[in-house]
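Naming: A, B, ... by sequence-line order, numbering from 1 per chain. Since the structure is predicted, the reported quantities are computational estimates derived from the model, not experimental observations.
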There are 2 protein chains.
Amino acid sequence: MKMFKIPEATVSRLSVYSRFLSKLDKKGIITISSGEIAEGVGVGAAQVRKDLAYFGEFGTRGVGYNVKDLHQHILKILGLTTSWPVVVIGAGNLGTALCLYDGFRERGFNIVAMFDVDPLKIDKEIEGITVYSMEKLGDIIKEKEVKMGVIAVPAEYAQQIADLLVKNNICAILNFAPAVIKVPEEVQLRNVDLSVNLEILTFNIVNNVKNLY
Amino acid sequence: MKMFKIPEATVSRLSVYSRFLSKLDKKGIITISSGEIAEGVGVGAAQVRKDLAYFGEFGTRGVGYNVKDLHQHILKILGLTTSWPVVVIGAGNLGTALCLYDGFRERGFNIVAMFDVDPLKIDKEIEGITVYSMEKLGDIIKEKEVKMGVIAVPAEYAQQIADLLVKNNICAILNFAPAVIKVPEEVQLRNVDLSVNLEILTFNIVNNVKNLY
DNA sequence: CCTAAATTGTTCAATTTTTCACTATTATTT
DNA sequence: AAATAATAGTGAAAAATTGAACAATTTAGG
């Protein structure tokens with residue numbers, strides 16, 4: 001029972017550290033220092049140590065961290081030691097792209113089904129993933145013990161899809177629709193708003209914001 | 001010459017306010033209070049006012065904000081009163097999905113070209129957008145006065161694509177590859193890491209993190 | 001075996017961001 | 001015309017986050 005509140009930024013950095021460590025491990029590197037991790041992922045060394053310190057002591061003073069060992073610890077922290085079945089709602093371009101995105105598979109996410117309302121898409125397969133009608137959502141979530149849903153539908157339907165996912169006891173939603181959606185507080189929600197990201201860039205360009213790395 | 005440092009979170013909220021105001025405007029709503037904006041986008045009312053206060057006084061005390069007026073101001077702040085030509089590197093699923101993503105067009109981003117190394121894709125059109133070979137990148141960036149590039153290639157090529165964009169004087173890069181890339185400090189860079197977002201969710205699920213809305 | 005070099009874990013200070021509480025202003029009602 | 005209600009703008013407090021400094025620990029070398 002973790003009692004401390006972990007900054008979300010810390011969690012997202014852990015995810016990045018993890019990917020970096022995975023790369024190092026494949027290269028056969030055995031130990032690494034916080035400074036080298038920091039250098040590799042573009043943050044400060046103190047930040048790296050601080051992030052890890054929330055969860056325990058994984059390094060050896062004077063030596064550094066064992067790559068494999070630290071990697072395993074972080075995967076455990078992130079809950080990535082088991083595979084996560086995921087459903088994607090919306091079999092349009094974005095939904096399809098997400099299904100084919102290797103990054104998900106590599107990190108242990110397993111897209112078990114897609115859903116759409118378009119009769120032309122229903123019951124077809126996209127790279128081995130079947131597109132189901134929305135009616136099947138509840139059954140499949142239950143059958144495959146799905147905890148996470150990805151919303152990739154137009155903004156105007158995002159809320160109703162979210163409601164449907166919630167009704168079917170999903171634990172977490174990753175929303176790609178450019179819409180503000182509301183869910184009960186026990187449901188985890190994250191928004192990936194593609195336009196917002198471009199707009200931060202335009203803001204920075206027109207306001208001549210300096211990057212501070 | 002803006003002298004104040006604006007939190008990035010503020011900028012991203014402005015983008016969300018902007019979308020919300022656009023919706024209100026379409027509905028014909030004339031005025032709105034900070035409280036209603038806050039309610040609509042899921043933040044605090046003081047936060048809304050503070051965010052706006054960085055840029056000026058846009059409201060009327062006792063009354064609220066004029067929807068059209070405030071919306072225009074925010075678009076101006078974000079640099080969205082002109083259209084932005086954008087290039088997308090990588091004509092795979094993700095690149096294609098991004099090109100077809102309506103959210104970009106709606107917000108004034110205009111994808112003028114895609115690039116890929118696959119001879120099967122080169123010189124083909126994807127929904128009216130031509131896929132060019134990488135050699136053409138420099139010419140098109142210059143010709144169309146492109147300031148922003150989107151990277152949608154596999155992680156292992158992300159850095160070299162970034163270097164290429166930088167060499168061709170791009171101002172800002174939106175990187176979708178799950179890789180840490182380095183650019184000179186005068187180039188704006190944002191990473192949208194899809195896996196990281198899912199991993200924050202798994203972390204929250206396994207650690208039973210409470211949402212605090 | 002002792003000293004020096006490397007590097008973690010941790011404390012404390014600095015900074016940044018958010019929230020709260022209050023003041024000022026406008027419109028409305030009596 | 002005065003009183004009341006609504007609501008923006010703002011300064012200060014609080015909270016969160018980051019960064020710097022340093023003590024503790026390990027390894028390696030003389």
Side-chain angles (χ1 to χ4, degrees), chain A residues 2-14 16-17 21 24 29-67 69-71 73-74 77 200 203 209-213, chain B residues 2-17 20-21 24 29-71 73-74 77 200 209-213:
Chain A
K2 306 252 164 42
M3 281 290 108
F4 305 103
K5 189 174 155 300
I6 312 295
E8 187 168 286
T10 290
V11 180
S12 88
R13 282 190 298 265
L14 283 177
V16 176
Y17 302 159
L21 290 168
L24 294 176
I29 294 166
I30 306 298
T31 55
I32 191 163
S33 69
S34 59
E36 290 168 300
I37 295 174
E39 168 64 24
V41 305
V43 302
Q47 183 92 81
V48 173
R49 296 199 298 276
K50 191 53 106 39
D51 285 337
L52 296 173
Y54 283 110
F55 303 97
E57 304 189 3
F58 305 120
T60 310
R61 296 176 189 205
V63 180
Y65 302 90
N66 177 281
V67 172
D69 187 48
L70 180 59
H71 189 209
H73 274 296
I74 296 180
I77 290 164
I200 293 172
F203 174 87
V209 173
K210 295 276 181 292
N211 277 314
L212 335 132
Y213 284 107
Chain B
K2 305 253 166 37
M3 281 291 108
F4 305 102
K5 185 171 157 300
I6 313 295
E8 186 169 286
T10 290
V11 181
S12 87
R13 281 190 298 265
L14 284 176
S15 174
V16 175
Y17 302 159
F20 182 64
L21 290 167
L24 294 175
I29 293 167
I30 307 298
T31 55
I32 192 162
S33 68
S34 59
E36 291 168 299
I37 296 174
E39 167 65 23
V41 306
V43 303
Q47 182 92 81
V48 172
R49 297 198 298 276
K50 199 35 96 64
D51 284 338
L52 296 172
Y54 284 111
F55 303 97
E57 303 188 4
F58 306 119
T60 311
R61 297 177 187 205
V63 181
Y65 302 91
N66 177 280
V67 171
K68 255 190 221 308
D69 187 47
L70 181 59
H71 188 208
H73 274 295
I74 295 179
I77 291 164
I200 293 172
V209 174
K210 295 277 180 291
N211 277 313
L212 335 133
Y213 283 108

Working note: Val48(A) + Leu52(A), criterion side-chain contact (heavy atoms from CB on, under 4.5 Å); need CA distance, chi angles, decisive distance, verdict.
CA-CA 6 Å; Val48(A) 173; Leu52(A) 296 173; 4.1 Å; yes
List the steps and the verdict of side-chain contact (heavy atoms from CB on, under 4.5 Å) for Leu14(B) and Tyr54(B).
CA-CA 11 Å; Leu14(B) 284 176; Tyr54(B) 284 111; over 6 Å; no
Worked verdict on Tyr65(B) versus Thr31(B) for side-chain contact (heavy atoms from CB on, under 4.5 Å)
CA-CA 5 Å; Tyr65(B) 302 91; Thr31(B) 55; over 6 Å; no
Can you check side-chain contact (heavy atoms from CB on, under 4.5 Å) on Phe55(B) and Ile6(B), steps first, answer last?
CA-CA 9 Å; Phe55(B) 303 97; Ile6(B) 313 295; 3.8 Å; yes
For nucleotides 23-30 of chain C, read 5' to 3', which letter fits each nucleotide if B means a protein heavy atom sits under 4.0 Å from the base, S means only the sugar-phosphate is that close, and - means neither?
-BBBS---
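Residue Leu70(B) contributes atom CG, which lies 10 Å from atom P of dA8(D) at whole-angstrom precision. The nearest whole Å value for the distance from the CZ atom in Phe58(B) to the P atom in dG9(D) is 8 Å. Atom CG in Asn66(B) sits roughly 13 Å away from atom P in dA8(D) (whole-Å rounding). One interatomic measurement links the two molecules: CZ of Arg49(A) to P of dA23(D), which rounds to 15 Å at whole-angstrom precision.
Of all the heavy atoms in Val67(A) and Leu21(A), the pair that sits closest is CG1-O, 3.6 Å. Shortest non-hydrogen contact noted between Leu70(B) and Phe58(B) is CD1-CB, 3.8 Å.
For the segment residues 31-38 of chain B, residues with any heavy atom less than 4.0 angstrom from an atom of DNA chain D are, sorted by number, Ile32(B), Ser33(B), Ser34(B).
Put simply, the side chain of Thr60(A) never gets that close to the backbone of Val63(A): no donor and acceptor are under 3.5 Å apart.
Summarising the geometry, atom NZ belonging to Lys50(B) is positioned 13.0 Å from atom OG belonging to Ser34(B); distances are rounded to the nearest 0.5 Å. Rounded to the nearest 0.5 Å, atoms CZ (Arg49(B)) and CD1 (Ile37(B)) are 10.5 Å apart.
A side-chain donor-acceptor contact under 3.5 Å links Thr10(B) and Asp51(B).
Note on Gly44(B): nothing from the nucleic acid sits closer than 4.0 angstrom, heavy atoms only. Counting non-hydrogen atoms under 4.0 angstrom, Gly64(A) reaches the backbone sugars and phosphates but no base.
Proximity of Tyr65(A) to the phosphate of dG9(C): a side-chain N or O atom is located under 4.0 Å from OP1 or OP2.
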Output a table of nitrogen or oxygen pairs between the protein and nucleotides 16-18 of chain D separated by less than 3.5 Å.
unit_1, atom_1, unit_2, atom_2, d
dT18(D), OP1, Arg13(A), NH1, 3.4
dT18(D), OP2, Arg13(A), NH2, 3.1

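More than 12 heavy atoms of other residues, nucleotides or ligands sit less than 6.0 Å from atom CD1 of Ile29(A).
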